[in-house]
Amino acid sequence: MTVLASEAVPIPRRPMIAVTYSSGEIARFRGKRDMFESIINAGGAPLAIDCVSPVDTMEEIVSRVDGLIISGGGDVSAAVSGVDPDDPLLGGVNEARDANEIAALRTAMAHGIPVFAICRGCQLVNVALGGELYADVPRDFDDSIRHTSTPDEMRHGLHGVTIEPGSTLSRWIGGATRAEVNSNHHQAVKTPAPGARVTAHSDDGLIEAYEIAESNIVAVQWHPEVQWVNDPVSLQLLTSFVAEAEAYRDRTTTDL
Ligand code: MN
């Protein structure tokens with residue numbers, strides 16, 4: 001029996017989700033495997049963008065995807081974040097990654113592509129759009145709640161967050177206004193970028209999430225892509241983001 005190309009089986013059309021990372025950060029590869037598995041389980045098709053060196057084609061790549069995840073990693077460089085460049089607690093800086101992710105963010109915003117910014121991504125988007133960071137949370141803000149974890153602890157909630165009713169974040173998880181989230185960050189948003197609405201705080205008062213609704217940006221300081229294996233709410237966050245990407249695809253694609 002002959003199968004003509006024109007009679008081929010339907011192509012699965014999972015929304016394509018670009019994920020920024022850097023192969024220069026070997027220690028963080030385990031976390032990226034979690035990321036790719038979580039996107040697949042949330043119904044998306046993950047596409048890795050390696051930000052280890054300048055990516056001149058970033059606009060070409062990101063303009064073709066349905067969603068962008070700016071993922072976790074080391075500290076944003078002081079030149080971008082505005083913190084003291086001589087701060088001894090600044091770590092894991094990767095300037096190529098900063099530049100690439102800012103280019104990816106700009107492209108997504110220009111097209112209206114949904115953006116989910118996670119941990120470092122939450123911090124990077126905030127400073128790229130004019131906000132400020134705490135260079136080190138225990139030293140510069142408060143140390144009453146622990147925000148850093150071992151890898152095993154990251155599979156479970158470490159601290160609670162209170163979520164703003166009516167926010168995209170709350171809508172994504174069925175209207176809930178409270179969640180137990182994991183945590184592994186020593187920096188955090190100090191002043192939100194102009195236009196950003198803070199959508200979650202931890203019990204010490206630290207900003208743990210924000211959104212910029214008109215740009216389809218949701219940012220969280222925790223890691224649902226790691227916690228999801230033990231936590232339906234984390235998977236719900238990812239599934240809801242993939243649904244936003246699917247909606248973007250459906251309103252911008254005409255060749256269905
Ligand atoms: Mn935290």
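For clarity, every value in this text was computed on a predicted model and none was experimentally measured. When a ligand or atom number is given, it counts from 1 through the structure's own listing order. Heavy atoms only: backbone and side chains are in, while hydrogens, waters and symmetry mates are out.
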query: Any idea which N/O/S atom from E208 gets closest to the Mn ion (ligand 1)?
result: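 Result: OE2.
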field: the Mn ion (ligand 1) - name of the N/O/S atom of H159 that sits closest to it
entry: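 Restricting H159 to its N, O and S atoms, the minimum distance to the Mn ion (ligand 1) goes to NE2.
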- request: Quick one: pull up CG in N184 and CG in L158 and give me the separation to the nearest 0.5 Å.
  value: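 Going from CG on N184 over to CG on L158, the span is 9.0 Å.
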query: Quick one: angle S183 OG - the Mn ion (ligand 1) - H147 ND1, to the nearest 10°?
result: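 Seen from the Mn ion (ligand 1), OG and ND1 are separated by roughly 90°.
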Looking at [Y] and [X], is there a salt bridge between them, counting it only when a charged N and a carboxylate O are closer than 4.0 Å?
X	Y	result
E153	R146	yes
R139	D87	yes
D98	R120	yes

